[in-house]
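Below, chains carry the letters A, B, ... as their sequence lines are ordered, and counting in each starts from 1.
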There are 2 protein chains.
Amino acid sequence: MSDKDTAAAANGKKTEIRLAAERRILDAAEKVFAERGFGGASMQQIADRAELPKANLHYYFSTKEALYRQVVERILTIWLDAADSLDVTEDPATALASYIDTKMEVSRKHPAGSKVWAAEVMHGAPVIQVYLETTLREWMAGREYIVRRWIDDGLIVPIEPRYLFYMIWATTQHYADFAHQINVLNDGAPMSDDDWLAAKRDVVAVILRGVGVIPPRVE
Amino acid sequence: MSDKDTAAAANGKKTEIRLAAERRILDAAEKVFAERGFGGASMQQIADRAELPKANLHYYFSTKEALYRQVVERILTIWLDAADSLDVTEDPATALASYIDTKMEVSRKHPAGSKVWAAEVMHGAPVIQVYLETTLREWMAGREYIVRRWIDDGLIVPIEPRYLFYMIWATTQHYADFAHQINVLNDGAPMSDDDWLAAKRDVVAVILRGVGVIPPRVE
DNA sequence: GTCTATAGAATGATAGAC
DNA sequence: GTCTATCATTCTATAGAC
């Protein structure tokens with residue numbers, strides 16, 4: 001092995017260590033921020049959850065705010081992927097059913113991320129303000145156009161497109177953000193796989209019937 | 001004026017001062033807790049917003065936690081009143097439309113309270129856990145019974161009652177909790193009176209049509 | 001009942017040995 | 001790259017004059 005190879009291997013190892021540590025810290029931070037909020041979370045709690053000394057966090061992330069910012073930005077990519085799942089080439093029933101399904105799955109798989117996101121918006125979006133004003137605004141403008149075309153074509157009833165999307169966002173994210181309350185009303189137990197299927201089925205059914213399309217057959 | 005009257009008047013005045021100060025502090029605290037979360041809020045910020053010296057807060061509320069607790073309990077009474085607005089003696093269309101209307105009005109008039117409530121539940125309901133396990137559980141049990149009767153009587157389509165209520169709660173509270181995001185998508189301006197009317201109309205229409213009842217005529 | 005000053009505890013961040 | 005020790009700041013809470 002040449003010196004160059006050795007150096008490359010060393011650099012490679014270093015990068016791997018760095019990526020693994022950063023990921024470990026981000027995972028811990030996401031959960032602690034979700035449970036206690038930005039102000040309620042301490043670097044010590046995040047370090048404990050990541051099973052690392054507190055000083056290590058500052059080695060990888062300069063400040064608490066920088067760490068929070070990266071947590072939020074990581075969640076943003078998940079959101080953007082979900083936004084893409086609204087396939088505008090499909091008919092309204094298929095497109096909306098698929099979008100709702102995706103959003104429900106995001107709530108199920110990333111409950112902590114959803115809570116951090118909700119708190120971020122509730123507190124005035126200090127980090128994602130630019131995203132709201134650019135990406136989200138453009139996404140909404142595009143989808144409003146599609147929904148209005150569905151209305152003009154008589155495929156769904158007249159409705160203000162934004163209010164429809166708020167309904168879908170609110171309902172699907174509720175299953176993550178209010179999971180604690182939902183669990184209490186579910187006799188203290190988390191929703192089972194069957195519960196999730198039933199919830200998705202009912203949400204899709206109400207929305208599709210609500211906008212005037214027949215729910216597609218489920219095999 | 002007798003000594004007794006003087007004392008009574010003094011006591012009366014004292015009580016008025018106390019009530020006014022407590023209310024002033026609670027109003028300020030609700031807003032600061034909503035904007036920054038419990039951990040992110042400081043007694044100094046609340047004092048500044050209430051235009052009182054910080055020490056006054058501790059005179060009326062022993063600790064920050066006690067103050068937070070009273071803020072949450074004050075919101076709880078508003079929630080309980082709104083819960084009562086679901087009149088089970090009415091037909092499903094009227095009952096649900098009236099309930100949704102009430103919940104939308106709560107979101108409009110108490111956005112800060114709604115945010116505090118959402119954060120409280122997201123963080124595991126440290127203060128309202130008992131309420132969730134008693135009052136809310138009983139309320140839900142009673143309403144599930146009514147909704148199932150509506151289903152059995154063929155007045156609405158089959159649906160798991162809880163998922164219907166989650167949808168109503170999520171959607172109506174979204175207008176308070178995500179107001180910042182909604183404003184951005186509304187060209188940066190808060191929703192006008194007409195916007196609120198349109199939103200309420202669309203939410204009621206989708207839910208009622210979604211559960212299979214015809215929206216009642218609006219004069 | 002009001003307010004200034006301050007004690008006491010917790011936190012974010014860093015220095016410096018390993 | 002890891003970790004202990006520590007600094008500087010901020011915050012909750014209270015003491016005590018008015």
Side-chain angles (χ1 to χ4, degrees), chain A residues 6-33 35-72 116 119 123 126-127, chain B residues 6-33 35-72 123 126-127:
Chain A
T6 312
N11 280 345
K13 180 114 187 264
K14 209 162 159 184
T15 303
E16 265 174 45
I17 287 176
R18 169 167 283 276
L19 286 176
E22 284 180 352
R23 194 197 155 115
R24 188 184 189 80
I25 294 166
L26 285 169
D27 286 344
E30 183 174 286
K31 285 174 192 148
V32 176
F33 284 139
E35 285 168 14
R36 332 257 309 204
F38 176 80
S42 76
M43 294 296 270
Q44 187 62 62
Q45 290 162 0
I46 297 170
D48 290 348
R49 169 99 49 151
E51 289 177 294
L52 286 172
K54 185 163 65 97
N56 273 29
L57 272 59
H58 282 102
Y59 176 75
Y60 288 104
F61 301 91
S62 55
T63 65
K64 182 184 175 184
E65 195 183 314
L67 173 55
Y68 172 74
R69 190 172 288 269
Q70 292 223 25
V71 167
V72 171
V116 172
H123 299 161
V127 168
Chain B
T6 311
N11 280 344
K13 179 112 187 268
K14 209 161 159 184
T15 303
E16 265 175 42
I17 287 175
R18 170 168 281 276
L19 285 176
E22 283 180 354
R23 195 199 155 114
R24 188 184 188 79
I25 294 167
L26 285 169
D27 286 346
E30 183 175 287
K31 286 175 191 145
V32 175
F33 284 139
E35 286 170 14
R36 332 257 309 204
F38 177 80
S42 77
M43 294 297 268
Q44 187 62 62
Q45 290 162 357
I46 296 171
D48 290 349
R49 169 99 50 150
E51 289 177 295
L52 285 172
K54 184 164 64 98
N56 275 29
L57 272 60
H58 282 102
Y59 177 74
Y60 288 106
F61 301 92
S62 55
T63 65
K64 182 185 176 185
E65 196 183 313
L67 173 55
Y68 172 74
R69 191 172 286 270
Q70 292 224 25
V71 167
V72 171
H123 299 161
V127 167

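One can place CZ of B:R24 at 15 Å from P of C:dG1, the figure rounded to the nearest angstrom. Distance B:E16 CD to C:dG1 C1': 15 Å, rounded to the nearest Å.
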#### Entry: Stepwise side chain to side chain contact (heavy atoms under 4.5 Å, CB included) test for A:K64 and A:F38
CA-CA 9 Å; A:K64 182 184 175 184; A:F38 176 80; 3.9 Å; yes
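The side-chain heavy atoms of A:L26 and A:L67, taken from C-beta on, include a pair separated by under 4.5 Å.
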### Message
What does the B/S/- profile of nucleotides 2-12 of chain C look like, 5' to 3', with a 4.0 Å heavy-atom cutoff to protein?
### Response
BBB-------B
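For B:E65, the CD atom sits in a loose shell: 12 or fewer heavy atoms of surrounding residues, nucleotides or ligands are nearer than 6.0 Å.
Salt bridge status for B:R18 with B:E22: present, with a side-chain N to carboxylate O gap under 4.0 Å. At a threshold of 4.0 Å, the pair A:D27-A:R23 counts as salt-bridged, since one of the basic side-chain nitrogens sits closer than that to a carboxylate oxygen.
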